[in-house]
Amino acid sequence: MKKFFQITALLLLGFSIQAQDKKAKELLDQVTAKVKSYDNIVIDFKYSLNNAKENINQDSKGNVTMKGNQYVLNLMGVTKIFDGKKSYTINPEDEEVTISTVNEKDEKVITPSKMLTFFNSGYVCKMDIIQDVKGRKIQYIKLIPTNVKDQRKEILLGIDTQTKHIYNLIEVGKKGTKTTLTVNSFKTNQPLSKNQFIFAESKYPKYSINKLD
């Protein structure tokens, strides 16, 4: 009889986990649908890198403008433009522009647009804690990479339950490194210049142009 109750408890726990995972997947699907419904997205964010063992504690601010697979990313003084085919990395400190071709179909290539939908494959997901952040209900979903070679132990994705927008993303590495990206402002369908995602070499006459391919 004792064994019967143990098996029953395990079965009930299994059904509970399945139901919870289903809720997590449904919420992630809602986030994806919301992202794809916008013509463009403009985000201001804070990026933090921490590792207590290595005594690393770095904070920086950035912003990104996205439309489809095109984007302009500004972070740590460097600007990166992707026009849909080529990537242009502009480094004012070195006065250098690096140009490379990007294969968008390559799953290993991470772009800002993919950062909003990366969770759709390659992870086991389940509901985690819910927090109140300045009056906003943030539901966290824990993502565990299915690839054993992945150096990330887990990812916590914070989602605003009302807007279905991503509030923050916390990556915990297997070696203790923790990176956090927090969205400070999330704007959609903004008026953009027709040249928003076009690299103009004439703006950088003194820069060295490094073409990788």
Side-chain angles (χ1 to χ4, degrees), residues 31-32 34-51 54-120 122 150-152 155 157 163 165-171 173 175 177-213:
V31 172
T32 300
K34 205 68 180 290
V35 167
K36 291 183 177 180
S37 72
Y38 299 127
D39 179 65
N40 62 68
I41 299 173
V42 180
I43 296 174
D44 289 330
F45 61 87
K46 177 183 177 182
Y47 178 81
S48 300
L49 174 65
N50 306 97
N51 188 314
E54 302 294 334
N55 197 27
I56 298 174
N57 189 6
Q58 300 176 348
D59 291 325
S60 57
K61 292 182 179 180
N63 59 74
V64 61
T65 300
M66 298 174 281
K67 181 173 182 175
N69 65 342
Q70 299 176 311
Y71 64 85
V72 177
L73 171 67
N74 295 293
L75 181 64
M76 298 180 181
V78 176
T79 297
K80 190 167 186 176
I81 301 172
F82 179 62
D83 61 11
K85 294 182 179 180
K86 289 186 178 292
S87 172
Y88 304 85
T89 303
I90 305 163
N91 190 332
E93 185 177 349
D94 297 333
E95 292 191 334
E96 182 181 61
V97 176
T98 301
I99 304 174
S100 61
T101 301
V102 177
N103 181 6
E104 277 286 291
K105 294 182 180 180
D106 187 348
E107 294 182 355
K108 294 181 181 179
V109 175
I110 301 298
T111 65
S113 55
K114 286 183 180 180
M115 288 300 292
L116 297 177
T117 56
F118 75 94
F119 42 75
N120 287 317
D150 199 310
Q151 294 304 305
R152 297 168 299 177
I155 300 169
L157 191 66
T163 64
H165 292 165
I166 294 175
Y167 166 69
N168 68 349
L169 183 152
I170 304 168
E171 288 188 353
K175 294 184 179 180
T177 300
K178 179 180 177 181
T179 58
T180 304
L181 189 151
T182 303
V183 175
N184 294 324
S185 124
F186 191 106
K187 298 178 182 178
T188 62
N189 302 333
Q190 299 295 294
L192 303 179
S193 165
K194 63 179 182 179
N195 298 320
Q196 183 77 41
F197 307 102
I198 296 176
F199 170 73
E201 188 173 333
S202 59
K203 291 183 179 180
Y204 308 94
K206 296 182 180 180
Y207 282 45
S208 61
I209 306 297
N210 180 23
K211 297 182 179 181
L212 299 183
D213 44 29

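Just the heavy atoms: all of them, side chains too, but no hydrogens, waters or symmetry mates, feed the values below.
The CG atom of Asn51 sits 10.0 Å away from the CG atom of Asn57 when rounded to the nearest 0.5 Å. The line from NZ of Lys34 to CD1 of Ile166 is 12.0 Å long, rounded to the nearest 0.5 Å. For the atom pair CG of Leu169 and OG1 of Thr179, the computed distance is 7.0 Å after rounding to the nearest 0.5 Å. Atom CD1 of Ile81 is separated from atom CG of Asn74 by 8.5 Å, given to the nearest 0.5 angstrom. Atom CD1 of residue Ile41 and atom NE2 of residue His165 lie 7.0 Å apart, to the nearest 0.5 angstrom. We find the OG1-CD1 distance between Thr177 and Ile56 to be 6.0 Å, quoted to the nearest 0.5 Å.
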Applying side chain to side chain contact (heavy atoms under 4.5 Å, CB included), run through Leu73 and Phe82 and close with a yes or a no. CA-CA 9 Å; Leu73 171 67; Phe82 179 62; over 6 Å; no
Test Asn91 against Thr98 for side chain to side chain contact (heavy atoms under 4.5 Å, CB included), laying out the working first. CA-CA 8 Å; Asn91 190 332; Thr98 301; over 6 Å; no
Apply the test side chain to side chain contact (heavy atoms under 4.5 Å, CB included) to residues Lys80 and Tyr71: give CA-CA distance (whole Å), side-chain angles for both, the deciding distance (0.1 Å), then the verdict. CA-CA 8 Å; Lys80 190 167 186 176; Tyr71 64 85; 3.8 Å; yes
Kindly determine whether Tyr38 and Met66 satisfy side chain to side chain contact (heavy atoms under 4.5 Å, CB included), including the steps that lead there. CA-CA 10 Å; Tyr38 299 127; Met66 298 174 281; over 6 Å; no
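At most 12 heavy atoms of other shown residues, nucleotides or ligands fall within 6.0 angstrom of atom CG in Asn55.
Taking every heavy atom of both residues into account, Phe45 and Asn63 meet most closely at CE2-N, 3.5 Å. Across all non-hydrogen atoms, the minimal contact from Leu75 to Ser60 is CD1-OG, 3.8 Å. Between Gly77 and Pro92, the shortest heavy-atom distance links the atoms O-CD, 3.2 Å.
Paired with Glu171 under the rule side-chain hydrogen bond (donor to acceptor under 3.5 Å, both in side chains), one option of Arg152, Lys178, Gln151 passes, and it is Arg152.
Between the side chain of Asn40 and the backbone N or O of Asn189 there is at least one donor-acceptor pair closer than 3.5 Å. Not one N or O on the side chain of Lys86 forms a donor-acceptor pair closer than 3.5 Å with the backbone of Ile99. Side chain of Gln196 to backbone of Lys194: no donor-acceptor contact under 3.5 angstrom is found.
Contact check for Ser48 versus Lys46: side-chain heavy atoms found under the 4.5 Å cut-off. Considering only heavy atoms from C-beta on, Tyr207 stays 4.5 Å or farther from Glu96 through its side chain.
Applying the salt bridge (Lys or Arg N to Asp or Glu O under 4.0 Å) test to residues at least two apart or on different chains, the pairs with a partner in residues 57-70 are Asp39-Lys67.
Every residue two or more places apart in sequence or in another chain was checked for a salt bridge (Lys or Arg N to Asp or Glu O under 4.0 Å) with Asp83, and none qualifies.
In this structure, Tyr88 and Phe199 have parallel ring planes: the angle between them is below the 30° cut-off, well short of the 60° mark.
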